[in-house]
There are 2 protein chains.
Amino acid sequence: MKYIEKLRNSGLRPTKQRLQICEVLFNTDKTFHFTINELEQKIKKQANNKISLATVYNTVHAFEKKGYLKQIPINSSETYFDTNVTDHHHFYDLKEEKLIDLENSDVGPINILKKINGKKIKSVEVLVKLED
Amino acid sequence: MKYIEKLRNSGLRPTKQRLQICEVLFNTDKTFHFTINELEQKIKKQANNKISLATVYNTVHAFEKKGYLKQIPINSSETYFDTNVTDHHHFYDLKEEKLIDLENSDVGPINILKKINGKKIKSVEVLVKLED
DNA sequence: TTTGTAGTTTATAATGATTCTAAAAAAGTG
DNA sequence: CACTTTTTTAGAATCATTATAAACTACAAA
Ligand SMILES: [Mn+2]
Ligand SMILES: [Mn+2]
Ligand SMILES: [Zn+2]
Ligand SMILES: [Zn+2]
């Protein structure tokens with residue numbers, strides 16, 4: 001298994017559940033944007049066994065803390081996560097409730113001129129809302 | 001009262017509660033970023049009577065629907081609203097959990113090059129996260 | 001004014017995503 | 001194997017938000 005090392009190196013034991021979630025999340029080139037419930041659905045399909053909801057939450061939070069996932073700020077009833085942990089921009093399709101990555105070249109450099117005393121910029125992200 | 005007309009024109013009856021919330025929200029030049037609970041606190045201070053939590057929710061949602069308030073996408077346990085309903089950008093101070101408006105001139109024009117078939121851009125907003 | 005009606009407020013209950021709990025299971029160590 | 005630590009899990013708890021339904025209010029027609 002290719003994720004065993006990754007987990008071990010992060011101080012996470014490579015359990016059956018975590019490896020299975022790794023497969024769902026990371027075994028693709030494409031960025032995966034998801035809610036906890038969407039992830040749960042995908043796990044159910046991709047395997048016969050089911051992982052308890054608490055474990056899905058635990059794992060997603062553990063992966064987020066280790067830097068393998070990030071939360072995307074969207075006003076939705078559910079929290080969105082992203083397998084692309086780089087600083088990047090999004091389309092948000094309001095009807096489909098789906099996120100789509102934007103390349104930095106699709107947006108161009110953003111130069112924040114205003115400064116706040118004693119504060120550093122941690123991230124700069126653009127959210128482009130789409131309607132029909 | 002200066003808000004009676006505004007409410008009537010929107011098809012909202014100018015009730016005591018709504019007028020009081022208008023005073024708190026709009027009786028200032030400054031943009032006001034708030035959560036429902038922060039608004040409730042401010043109402044309590046600014047007047048003797050208290051408005052029920054359900055009415056605060058109802059009113060904020062009514063004002064949002066009429067275009068007097070907008071929701072700001074932030075991953076927080078509470079939803080943030082903004083009296084500045086124009087398309088604009090924000091600092092988000094992660095420690096203080098406070099939003100700060102950015103002028104468009106502080107960010108510069110953003111040109112989204114990517115297009116999605118059949119979708120129109122509704123808004124383009126930048127969120128700049130600040131840390132110490 | 002009085003009366004009728006639709007709109008509004010309110011306390012309270014319900015909902016639903018997320019977090020907590022604590023016991024059982026699994027992993028790591030030697 | 002024996003032992004410790006971590007993880008999983010079902011279910012309970014939490015908490016922001018929404019729904020409910022009864023009382024109240026704005027408003028205008030009679
Ligand atoms: Mn969804
Ligand atoms: Mn706050
Ligand atoms: Zn993304
Ligand atoms: Zn603002």
Side-chain angles (χ1 to χ4, degrees), chain A residues 1 3-24 33-44 47-66 68-81 97, chain B residues 1 3-24 33-44 47-66 68-81 97:
Chain A
M1 288 299 202
Y3 298 114
I4 291 182
E5 274 306 292
K6 181 178 179 168
L7 290 172
R8 281 233 178 78
N9 292 339
S10 311
L12 298 172
R13 290 182 180 176
T15 64
K16 182 164 43 95
Q17 292 85 349
R18 281 172 179 166
L19 290 170
Q20 191 180 327
I21 292 173
C22 278
E23 291 288 337
V24 172
H33 300 104
F34 63 93
T35 65
I36 295 286
N37 278 311
E38 287 166 354
L39 177 56
E40 218 195 359
Q41 296 310 309
K42 206 163 183 189
I43 290 166
K44 264 186 209 152
N48 308 325
N49 62 319
K50 55 174 160 291
I51 297 175
S52 91
L53 183 57
T55 298
V56 178
Y57 272 99
N58 288 342
T59 302
V60 164
H61 288 144
F63 286 3
E64 187 194 12
K65 183 177 273 183
K66 296 299 181 181
Y68 303 139
L69 291 175
K70 67 184 289 197
Q71 246 183 290
I72 303 298
I74 291 288
N75 284 131
S76 164
S77 55
E78 290 169 84
T79 304
Y80 277 82
F81 292 90
E97 297 184 326
Chain B
M1 289 296 198
Y3 298 113
I4 292 181
E5 275 306 293
K6 180 177 181 167
L7 290 171
R8 281 232 180 79
N9 292 339
S10 311
L12 297 172
R13 289 185 179 172
T15 64
K16 182 162 42 94
Q17 291 87 348
R18 281 172 180 163
L19 290 169
Q20 192 181 324
I21 292 172
C22 278
E23 291 289 338
V24 173
H33 301 105
F34 63 94
T35 65
I36 294 287
N37 277 311
E38 286 166 353
L39 177 56
E40 217 195 0
Q41 296 309 309
K42 206 164 185 188
I43 290 167
K44 263 188 210 151
N48 308 325
N49 62 320
K50 57 174 158 287
I51 297 175
S52 91
L53 182 58
T55 298
V56 179
Y57 272 100
N58 288 342
T59 302
V60 165
H61 288 144
F63 287 3
E64 187 195 12
K65 185 178 273 182
K66 296 299 180 183
Y68 302 138
L69 291 174
K70 66 184 290 198
Q71 245 183 290
I72 303 297
I74 291 286
N75 283 131
S76 163
S77 55
E78 290 169 84
T79 303
Y80 277 82
F81 293 91
E97 297 184 328

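Throughout, protein chains are lettered first and strands after them, A, B, ... in sequence-line order, and every chain is numbered starting at 1. All values below were derived from every heavy atom in this structure, side-chain atoms included, with hydrogens, water molecules and symmetry-related copies excluded.
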*When the C1' atoms of the five terminal pairs at each end define the local axes, what inter-axis angle does the helix from C:dT1-D:dA30 to C:dG30-D:dC1 show, to 10 degrees?*
30°

*4.5 Å side-chain heavy-atom contact, B:T59 and B:T15*: no

*asked:* With a 4.5 Å cut-off on side-chain heavy atoms, are B:L39 and B:F81 touching?
replied: no

_If I take atom CZ from residue A:R8 and atom CD from residue A:E5, how far apart are they, to the nearest 0.5 angstrom?_
6.5 Å

*What pair of heavy atoms forms the shortest contact from A:R18 to A:F63, and how long is it?*
O-CZ, 4.2 Å

*Checking side-chain contact (heavy atoms from CB on, under 4.5 Å) for the pair A:I4/A:L19: CA distance, chi angles, key distance, verdict?*
CA-CA 7 Å; A:I4 291 182; A:L19 290 170; 3.9 Å; yes

_Min side-chain heavy-atom separation A:F34-A:Q41 under 4.5 Å_ = no

*Who are the side chain to side chain donor-acceptor pair (under 3.5 Å) partners of A:N9, not counting sequence neighbours?*
none

_Range on DNA chain C touched by chain A - first to last nucleotide, heavy-atom distance under 4.0 Å_ = C:dA17 to C:dG28

_Closest heavy-atom pair and its distance - B:P14, B:L7_ = CA-CD1, 3.7 Å

*Would you please name every residue forming a side-chain contact (heavy atoms from CB on, under 4.5 Å) with A:N37, sequence neighbours left out?*
A:T35, A:E40, A:E78

*Starting at CD1 of B:I21, measure out to CD1 of B:I43 and round the result to the nearest 0.5 Å.*
4.5 Å

*asked:* Which residues pass the side chain to side chain donor-acceptor pair (under 3.5 Å) test with A:S52, not counting sequence neighbours?
replied: A:T55

*On DNA chain D, check which nucleotide each of B:T79 and B:K16 is closest to and give me the residue with the more 5' one.*
B:T79

_Contact residues, residues 55-64 of chain B to DNA chain C [heavy atom, < 4.0 Å]_ = B:T55, B:N58

*Which residues pass the side-chain contact (heavy atoms from CB on, under 4.5 Å) test with A:K65, sequence neighbours left out?*
none

Kindly list each side-chain donor-acceptor pair under 3.5 angstrom involving residues 68-75 of chain B, sequence neighbours excluded, with atom names and distances?
residue: B:Y68; atom: OH; partner: B:S10; partner atom: OG; Å: 2.3
residue: B:K70; atom: NZ; partner: B:T86; partner atom: O; Å: 3.2
residue: B:K70; atom: NZ; partner: B:E125; partner atom: OE2; Å: 2.5
residue: B:N75; atom: ND2; partner: A:I72; partner atom: O; Å: 3.4

_Test side chain to side chain donor-acceptor pair (under 3.5 Å) applied to B:Q17 - qualifying residues, sequence neighbours left out_ = none

*Extract, from 5' to 3' on DNA chain D, the first and final nucleotides lying under 4.0 angstrom from some heavy atom of chain B.*
D:dA16 to D:dC27

*Residues forming a side-chain contact (heavy atoms from CB on, under 4.5 Å) with A:K16, sequence neighbours excluded*: none

*Please list, by residue number, the residues of residues 6-14 of chain B whose heavy atoms come closer than 4.0 Å to an atom of DNA chain D; answer none if no residue qualifies.*
B:R8, B:R13, B:P14

